[in-house]
Amino acid sequence: MDYIYFTSRDELIRIKVTDIAYFEGDGNYTKIVAINGSYTSICMQIGVMESSLAEQLGDNAFKFIRIGKRYIVNREYIYMINIPKQTLTLSDFDHFTTKLNVSREALKNLKALMTKNQE
């Protein structure tokens, strides 16, 4: 599936999966941030967003990973995990680079998961 869809009472949002850098939860809303820097917020809790991704993407849901309570990131753009500075850097190595503040514990878990997949 190339696109995912999110609907509300008044809107339909269609986004290409490879254009999504990350999702950021904020209470009842989730911000969808694209690699071009644009973003949109929808009325959906991050846990519901996680379920929606799993449902729509099926076997391809592994492309996104939940990090802590606040973020779901596109694995393709994970560039650097810095545990002491508590930052996760996402980049497409072209136009997009951003740093997210993430807890040490969440970063340790992510690092362990990423290195385990490389073995």
Side-chain angles (χ1 to χ4, degrees):
M1 174 174 274
D2 292 338
Y3 291 88
I4 54 176
Y5 299 84
F6 302 102
T7 61
S8 69
R9 188 187 74 186
D10 300 323
E11 295 180 310
L12 168 71
I13 299 170
R14 175 182 168 255
I15 305 173
K16 194 171 186 178
V17 173
T18 55
D19 287 346
I20 300 170
Y22 67 95
F23 299 88
E24 181 178 359
D26 185 14
N28 288 328
Y29 290 86
T30 297
K31 182 164 64 170
I32 304 167
V33 181
I35 59 170
N36 67 4
S38 67
Y39 67 89
T40 188
S41 290
I42 61 171
C43 186
M44 182 183 290
Q45 293 176 340
I46 193 83
V48 177
M49 176 64 71
E50 188 175 23
S51 298
S52 180
L53 289 171
E55 182 181 312
Q56 289 191 57
L57 297 176
D59 292 341
N60 289 323
F62 73 90
K63 292 181 180 188
F64 292 94
I65 184 168
R66 176 84 179 255
I67 300 175
K69 295 178 181 178
R70 197 167 168 195
Y71 297 105
I72 300 171
V73 301
N74 188 331
R75 288 177 189 250
E76 185 176 329
Y77 300 119
I78 295 174
Y79 168 61
M80 183 187 304
I81 299 167
N82 189 319
I83 296 169
K85 291 184 180 178
Q86 291 183 264
T87 58
L88 172 64
T89 304
L90 304 176
S91 181
D92 70 351
F93 299 101
D94 192 13
H95 304 302
F96 169 77
T97 301
T98 192
K99 289 184 179 184
L100 305 176
N101 294 319
V102 181
S103 73
R104 277 189 174 86
E105 193 62 34
L107 290 174
K108 285 179 185 177
N109 293 338
L110 177 62
K111 183 179 178 222
L113 181 69
M114 297 293 286
T115 53
K116 179 182 174 188
N117 289 340
Q118 297 302 312
E119 294 174 354

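These numbers were taken from a predicted model, which means no experiment stands behind them. Counting from 1, the numbers follow the sequence of the chain as shown.
Nearest heavy-atom pair, Thr30 versus Phe23, reported as atom, atom and distance to 0.1 Å: CG2-CB, 3.9 Å.
Distance OG1/Thr98 to CD1/Ile35: 12.5 Å, rounded to 0.5 Å. Taking CD1 of Ile15 as the reference point, atom OH of Tyr5 lies at 11.0 Å (rounded to 0.5 Å). Separating the CG atom in Leu100 from the CD atom in Glu24 is a distance of 7.0 Å, to the nearest 0.5 Å. Taken to the nearest 0.5 Å, the CG atom of Asn101 stands 7.0 Å off from the OG1 atom of Thr87. To the nearest 0.5 Å, the span separating NZ on Lys108 from CD1 on Ile81 amounts to 13.0 Å. To the nearest 0.5 Å, the span separating OG1 on Thr40 from CZ on Phe6 amounts to 10.5 Å.
Panel note: side chain Tyr22, backbone Phe64; no donor-acceptor pair is recorded below 3.5 Å. Looking only at distances, no side-chain donor or acceptor of Arg14 sits under 3.5 Å from a matching main-chain atom of Ile4. Not one N or O on the side chain of Asn60 forms a donor-acceptor pair closer than 3.5 Å with the backbone of Lys63.
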Side chains of residues 42-53: which donor-acceptor partners sit under 3.5 Å, not counting sequence neighbours?
residue : atom : partner : partner atom : Å
Gln45   : NE2  : Asn28   : OD1          : 2.8
Glu50   : OE1  : Arg66   : NH1          : 2.8
Ser51   : OG   : Gly47   : O            : 3.3
Ser52   : OG   : Gln56   : NE2          : 3.2

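Surrounding CG of Asn109 are more than 12 heavy atoms belonging to other residues, nucleotides or ligands, all under 6.0 Å away. Counted within 6.0 Å of CG on Asp59, heavy atoms from surrounding residues, nucleotides or ligands total 12 or fewer; the atom is thus considered open.
There is no path of hydrophobic side-chain contacts, each under 4.5 Å, that joins Leu57 to Phe62. At a threshold of 4.5 Å between side-chain heavy atoms, the hydrophobic network of Ile, Leu, Val, Met, Phe, Trp and Tyr places Met114 and Val102 in one connected group.
In this structure, the side chains of Leu88 and Ile78 come closer than 4.5 Å at one or more pairs of heavy atoms.
A search for side-chain hydrogen bond (donor to acceptor under 3.5 Å, both in side chains) contacts involving Glu105 returns nothing, not counting sequence neighbours.
Between Phe93 and Tyr79, the ring center distance clears the sub-6.0 Å criterion.
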- Task: Any chance you could lay out the side-chain contact (heavy atoms from CB on, under 4.5 Å) test for Leu110 and Ile65, step after step, and finish with the verdict?
- Result: CA-CA 9 Å; Leu110 177 62; Ile65 184 168; 3.8 Å; yes
